Amino acid sequence: KVEGEEWASTKKGWKLNSGVPVCEWEGIGCRISVNGGSTATITSINLDNQGLSATLTSELGSLKDLEELNLKGNLISGSIPQEVANLEKLFSLDLTNNQVSGPLPQWWGSFSLNKLFLAQNQLTGEFFHNIYSPHLQSMQEVRLENNKLVGTLDGTTIMQMQKIETISLSQNDFSGLIPGFQLGSLPGLKFLYLDNNEFVGPLPSQLAQSGKSSLEEIWVQSNSLSGTVPASYVRFDMLHDFFIDGNKLTGALPLQLCSAKLNNDFFNTLPPDAERNYCEYIACPAGSVGKEGVYPCSVCPGGDAAKLENPYLGKSNVNLQCSAYSQRDILRIFYESTSQRGWSGGSDWDDSTKDVCQMTGITCDDHENIIQIGLKNRNLSGTIPDAIGFLSFLETLDLSDNNLEGFIPSDLRWTSLTRLDISGNKLRGVLPPLLCMMQELNGNGENNVYYCDRIACPANTFNTFGHHGYHGEPCQPCYDVQAPEEAYIGQKKCANRQKPPSDGFDWKKEIETLKESGANVNVFSKVA
């Protein structure tokens with residue numbers, strides 16, 4: 001780490017009062033114009049991997065002709081000043097692998113901004129949602145992987161990025177649905193990296209639109225995607241990397257998608273005459289497991305029964321262990337995941353000698369199958385584990401009024417739930433669509449109508465119960481719209497303002513206003 005004056009003393013021109021013309025300083029590029037005399041303007045700063053420890057100063061915004069700023073691989077900290085984002089001639093900004101923090105600016109003033117490389121930092125906030133920001137029209141590459149970004153992807157904003165070729169959002173905390181139609185409408189999109197986030201819902205079929213399927217790489221592994229792999233993906237003629245392992249996908253892969261050209265790095269070490277299963281290039285089938293969820297895959301013991309406990313494509317385990325949960329195993333996993341601060345009133349869920357059906361909050365049927373779990377207001381803290389979804393006889397799950405965080409596992413769709421209450425917690429994102437489609441869950445399916453807000457009010461809305469449920473009270477908009485990382489689903493109250501609306505207030509119109517403003521409102525929500 002080289003600090004201040006010591007760093008400057010090793011670089012030509014940077015030492016105070018060096019007397020060296022600024023255009024001759026190390027890393028500085030200028031444009032010389034002759035217009036009634038020579039005038040030099042700074043157009044580039046290239047100081048990558050220089051051990052520079054500093055913050056970005058707002059004074060950089062006074063370099064009105066700056067086109068390139070490259071400070072990659074240093075020790076830059078602090079936030080990105082809006083004055084820098086406002087630079088109208090900026091073509092390339094590279095702050096990769098620093099310690100930059102604070103919110104990602106939503107407004108960038110350059111119609112020429114082509115490359116925005118901000119990966120491997122500590123940026124917070126959301127992906128772009130200001131549809132009028134000039135940079136959307138010129139962007140070709142945006143790299144934001146390995147940050148702390150949250151929220152959903154706004155399809156309207158993405159549609160403005162008609163020149164984009166690379167979108168890299170890996171290893172953040174994004175949630176919600178993948179806007180497939182909008183991404184699939186981008187004519188030049190070649191590289192899409194969305195892995196290691198919290199996306200839910202299906203792999204969108206409209207990502208592969210007829211005549212527009214230019215994608216070469218799709219990374220969506222390690223999310224919570226559900227459903228099947230669309231047959232339309234065979235349209236990706238240029239696709240060579242397609243990673244989907246570590247999701248909640250089911251069914252079989254389209255056979256036309258399984259070919260020697262896809263993910264063939266896995267087979268580089270095989271002799272030419274070795275047997276190949278091209279579908280395993282993409283993901284291990286249900287009822288099997290791989291160290292990385294792909295070839296080589298090991299079949300789980302137990303035949304078809306093993307597929308009930310290992311139903312997902314691309315299951316990974318470094319020890320090649322398949323899932324085989326007993327009811328006691330699931331309760332133990334649940335207790336370990338939700339007891340970070342200890343349950344109020346104590347717990348017997350960690351007592352291996354106690355009968356499962358006699359444990360606190362548990363109700364069983366006559367065959368000793370768990371059918372109800374009631375843990376309302378027990379100071380549960382932590383996350384809801386996926387394993388709870390494999391209590392196949394579970395009909396009622398009440399986890400309301402606790403301190404649970406994270407997201408709702410889509411695995412709950414494998415249960416027999418008719419009543420689910422997760423209100424009054426700190427859960428984020430949107431509800432998995434397949435969970436919202438469960439027949440009879442909180443009244444869903446009546447008259448063939450399904451709504452997610454019967455399970456939980458979407459983020460930035462609330463009502464007395466935290467969900468629409470059976471009682472008919474609509475989820476109402478909050479007026480203190482929270483930051484994405486604090487916008488919880490299933491709220492029973494808003495943080496600052498819950499004043500009843502005046503007569504004639506239009507809830508539906510207000511929800512639409514919130515959506516247009518970029519608020520994290522569940523698009524599957526019903527407004528009564």
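Reckoned from all heavy atoms, side chains included, excluding hydrogens, waters and symmetry mates. Positions are given from 1, in the same order as the sequence printed here. This structure is a prediction, so every number in the text was calculated from the model and none was measured.
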Please step through side chain to side chain contact (heavy atoms under 4.5 Å, CB included) for the pair Val142 and Phe128, ending with a clear verdict. CA-CA 11 Å; Val142 55; Phe128 309 121; 4.0 Å; yes
Would you check if the side chain of [X] reaches a backbone N or O of [Y] as a donor-acceptor pair within less than 3.5 Å?
| X | Y | result |
| --- | --- | --- |
| Ser316 | Gly290 | no |
| Glu24 | Pro21 | no |
| Asp453 | His467 | no |
| Thr250 | Tyr312 | no |
| Arg235 | Ala208 | yes |
| Asn70 | Ile45 | no |
| Thr57 | Glu59 | yes |
| Asn197 | Asn172 | yes |
| Asn444 | Tyr451 | yes |
| Asn264 | Leu262 | no |

On a heavy-atom basis, which atom in [X] and which in [Y] lie closest, and how many Å separate them?
| X | Y | answer |
| --- | --- | --- |
| Asn146 | Gln171 | ND2-OE1, 3.1 Å |
| Trp107 | Gly109 | NE1-CA, 3.9 Å |
| Gly13 | Ser18 | O-OG, 3.0 Å |
| Ser138 | Ser110 | OG-O, 4.0 Å |
| Phe199 | Asn223 | N-OD1, 3.1 Å |
| Gly201 | Pro433 | CA-CD, 3.6 Å |

From [X] [atom1] over to [Y] [atom2], what is the distance, rounded to the nearest 0.5 angstrom?
| X | Y | atom1 | atom2 | result |
| --- | --- | --- | --- | --- |
| Ile408 | Leu420 | CD1 | CG | 6.5 Å |
| Glu165 | Phe191 | CD | CZ | 8.0 Å |
| Met161 | Ser185 | CE | OG | 13.5 Å |
| Leu225 | Leu313 | CG | CG | 11.5 Å |
| Gln140 | Lys190 | CD | NZ | 9.0 Å |
| Asn130 | Gln160 | CG | CD | 10.0 Å |

For atom [atom1] of [X], is the number of surrounding heavy atoms from other residues, nucleotides or ligands below 6.0 Å larger than 12?
| X | atom1 | answer |
| --- | --- | --- |
| Lys12 | NZ | no |
| Lys11 | NZ | yes |
| Lys15 | NZ | no |
| Glu88 | CD | no |

Between [X] and [Y], is any pair of side-chain heavy atoms under 4.5 Å apart?
| X | Y | result |
| --- | --- | --- |
| Asn147 | Asp173 | no |
| Leu404 | Ile422 | no |
| Leu71 | Asn46 | no |
| Thr152 | Leu177 | no |
| Asp94 | Asp48 | no |
| Phe462 | Cys494 | yes |
| Asn97 | Asn121 | no |
| Leu169 | Phe174 | yes |

Should Ile76 and Leu52 be marked as a side chain to side chain contact (heavy atoms under 4.5 Å, CB included) after you check the CA-CA gap, both sets of side-chain angles, and the distance that decides it? CA-CA 7 Å; Ile76 307 299; Leu52 174 60; 4.1 Å; yes
Passes side chain to side chain contact (heavy atoms under 4.5 Å, CB included), Leu192 versus Leu183? Steps please. CA-CA 9 Å; Leu192 180 62; Leu183 288 168; 4.1 Å; yes
Check this for me: does any side-chain nitrogen of one of Lys315 and Asp245 sit under 4.0 Å from a carboxylate oxygen of the other? no
Sidechain N-carboxylate O distance under 4.0 Å for Glu405, Arg428: no
What class does the angle between the rings of Trp108 and His135 fall in, given that below 30° is parallel, 30 to 60° is tilted and above 60° is perpendicular? tilted
Can you see whether [X] engages [Y] through a side-chain donor-acceptor pair at a distance of less than 3.5 angstrom?
| X | Y | answer |
| --- | --- | --- |
| Ser410 | Arg413 | yes |
| Asp195 | Ser170 | yes |
| Asn463 | Glu473 | no |

Which of these passes side-chain hydrogen bond (donor to acceptor under 3.5 Å, both in side chains) with Tyr193: Glu217, Glu145, Gln221? Glu217
Pick out which of Ile164, Leu113, Thr157 makes a side-chain contact (heavy atoms from CB on, under 4.5 Å) with Leu136. Thr157
Among Thr166, Leu116, Ile167, find the residue that satisfies the side-chain contact (heavy atoms from CB on, under 4.5 Å) test when tested with Arg143. Thr166
With side chain to side chain contact (heavy atoms under 4.5 Å, CB included) as the criterion, how do Ile80 and Val100 come out once you've worked through the C-alpha distance, each side chain's angles and the decisive distance to 0.1 Å? CA-CA 7 Å; Ile80 300 174; Val100 181; 3.8 Å; yes
